There are 2 protein chains.
Amino acid sequence: MASTTEENYLKALFNLANPEGEVNISDLAQSLGVSMPTANSMVKSLQKSGWVIYEKYKPVTLTKQGKKTAALVIRKHRLTEMFLVKKMGFGWEEVHEVAEQIEHIHAPKFFDRMDEMLGYPTIDPHGSPIPDDQGRVQTLSHVSLASCLTGQVVQLTALTNSSADFLEFLNNRELTLGKELKILSQEAYDHSMTVSYAGHPQETLSEKVCEKLLVRVIS
Amino acid sequence: MASTTEENYLKALFNLANPEGEVNISDLAQSLGVSMPTANSMVKSLQKSGWVIYEKYKPVTLTKQGKKTAALVIRKHRLTEMFLVKKMGFGWEEVHEVAEQIEHIHAPKFFDRMDEMLGYPTIDPHGSPIPDDQGRVQTLSHVSLASCLTGQVVQLTALTNSSADFLEFLNNRELTLGKELKILSQEAYDHSMTVSYAGHPQETLSEKVCEKLLVRVIS
DNA sequence: TATAATTGTTAGATCAATCTAACAAATATA
DNA sequence: TATATTTGTTAGATTGATCTAACAATTATA
């Protein structure tokens, strides 16, 4: 069974993987806030345990088993976030730190009960998919708001970033998941967008923000 | 801030303390499932951090700060047990292992919300007192069933042992907290007791069991 | 009280997870 | 292509938590 530290490495590898499933040691180290030698030696030990495939000077890839284990940790994280929001009255900006801890609890029944009480949700409070109990992850197709065009109507479906600061920013503008936004205009100079939605006839969003908002195009 | 390991040592010291607040190294080691040298060196390090008072060849005592920290971990444990039973449908025999893990989560709001949702309970599912948020513990006065006399009517209020096996034993006899028992007879030879209660006109309980059942004498 | 049993301590090793310093390989750039 | 930059590796140290073996102090018992 993976230690908490190992689980965190697997999770990071899962999240950082490029389309080929590869992760650089330096990105891994940075993402976990450890030095490169630390990441390097941990990767070697993960390899010995069969969680990753690794060769000197090559990027790291998760094995099938590593991917599944990572997905199951992410499942616990996202179920916990949903539980905190839906059943315990937390704001979506408050749940990450707690979920980072609870995701390492070993107690299947605890998470099964959460799942049941939540009605088997498929996405978390930030629109990210919740892997199923076999570690399978559905791929949701959404595009970033930044890539949409003036005149389009879109529905906010997920976020690429769930930092408390960003979520506070969205709270202040009542930008919650499910909201329908109409794109009024785009500024060619800085790529900012002006949108309207229920209760907000005009809000201007910077490029940085638009890139982090994932939407489904309605029309 | 105490590590998970340190918190477990503080908790053990709190629970093992005799009326003078003293604990032997060997009892501590046994209770935590570690060797005596391990407990010994950890006690030295807890002393350096101000959690305990300790002198060579003398028993260990918690400092005021150590006692408070221990009580607050126990608070998290017992609130969690109550939450699992009352809000998540766990049986009282299933909650200990999960609570042993969740008690080490650092997230005040998580436990505050549990407390609120539970209506600020003062005892856990096994009748043990839940320390308040300052680490103060109420002393409940109950006596063991073993010390009661034939003819008395008593109410089951707590247990001195909450092992899953014992709780299963009680489940099988519908012996839940709050139940009123009438002591029908006691066997002089083996100190077993025969009692009656709602739906159970006659149940014989061994001395071992009677000692672990804490009751309030009604008449 | 002398001896045996229990309890506690010291010394030294191990393992996981981390670090810094120094160096080597791969990649980018002039 | 030669050189500089980035990325990755090795070596060696550190810290927390654990162990066993050996020994010492305390307590119980014959």
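Chain A is the first sequence line, chain B the second, and so forth, proteins listed ahead of strands; every chain is numbered from 1. Fair warning: this is a prediction, and the values are worked out from it, not measured in the lab.
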*Asks:* Considering residues at least two apart in sequence or located in another chain, which fulfil the salt bridge (Lys or Arg N to Asp or Glu O under 4.0 Å) criterion with A/K44?
*Replies:* none
*Asks:* Between B/Y9 (OH) and D/dA17 (P), how many Å, whole number?
*Replies:* 8 Å
*Asks:* How close or far is atom P of C/dG8 from atom CG of B/L28, stated in whole angstroms?
*Replies:*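 The distance from CG of B/L28 to P of C/dG8 comes to 10 Å, rounded to the nearest Å.
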*Asks:* Between B/E6 (CD) and D/dG16 (C1'), how many Å, whole number?
*Replies:*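 It works out to 9 Å between those atoms.
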*Asks:* Please list, chain by chain and in numerical order, all residues satisfying salt bridge (Lys or Arg N to Asp or Glu O under 4.0 Å) with A/E100, sequence neighbours excluded.
*Replies:*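 So A/E100 forms a salt bridge (Lys or Arg N to Asp or Glu O under 4.0 Å) with A/K11.
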*Asks:* Pull out every residue in residues 10-27 of chain B that has a heavy atom closer than 4.0 Å to any atom of DNA chain C, ordered by number, or say none.
*Replies:* B/N24, B/I25, B/S26
*Asks:* Whole angstrom is fine here: how far is it from NZ in B/K58 over to C1' in C/dT9?
*Replies:* 15 Å
*Asks:* Given B/I183, which partner from the list B/L205, B/L145, B/V215, B/V217 fulfils the side-chain contact (heavy atoms from CB on, under 4.5 Å) test?
*Replies:*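 Result for side-chain contact (heavy atoms from CB on, under 4.5 Å) with B/I183: B/L145.
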*Asks:* Passes side-chain contact (heavy atoms from CB on, under 4.5 Å), B/N171 versus B/W92? Steps please.
*Replies:* CA-CA 9 Å; B/N171 282 347; B/W92 67 348; 2.8 Å; yes
*Asks:* What is the distance from OH of B/Y54 to C1' of C/dT10, rounded to the nearest Å?
*Replies:* 11 Å
*Asks:* Got a sec? Which of residues 31-51 of chain B come in under 4.0 Å of DNA chain C, heavy atoms?
*Replies:*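 Going residue by residue through residues 31-51 of chain B, the ones with a heavy atom under 4.0 Å of DNA chain C turn out to be B/M36, B/P37, B/N40, B/K44.
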*Asks:* Please tabulate, for side-chain N and O atoms in residues 21-28 of chain B, each donor-acceptor pair with protein atoms closer than 3.5 Å (sequence neighbours left out).
*Replies:*
from	atom 1	to	atom 2	distance (Å)
B/N24	ND2	B/D27	OD2	3.4

*Asks:* Could you state the OH-P distance from B/Y57 to C/dT9, rounded to the nearest angstrom?
*Replies:* 6 Å
*Asks:* What side-chain donor-acceptor pairs closer than 3.5 Å can you find for residues 81-88 of chain B, not counting sequence neighbours?
*Replies:*
from	atom 1	to	atom 2	distance (Å)
B/E81	OE1	B/H126	ND1	3.1
B/E81	OE2	B/H77	NE2	2.8
B/K87	NZ	B/M117	O	3.3

*Asks:* If you measure only the distance, is there a donor-acceptor pair under 3.5 Å linking the side chains of A/Q186 and A/T150?
*Replies:* yes
*Asks:* Run through B/D124, B/D115, B/T80 and flag the one making a side chain to side chain donor-acceptor pair (under 3.5 Å) with B/R75.
*Replies:* B/D115
*Asks:* May I have the distance from B/K56 (atom NZ) to D/dA25 (atom P), rounded to whole angstrom?
*Replies:* 8 Å
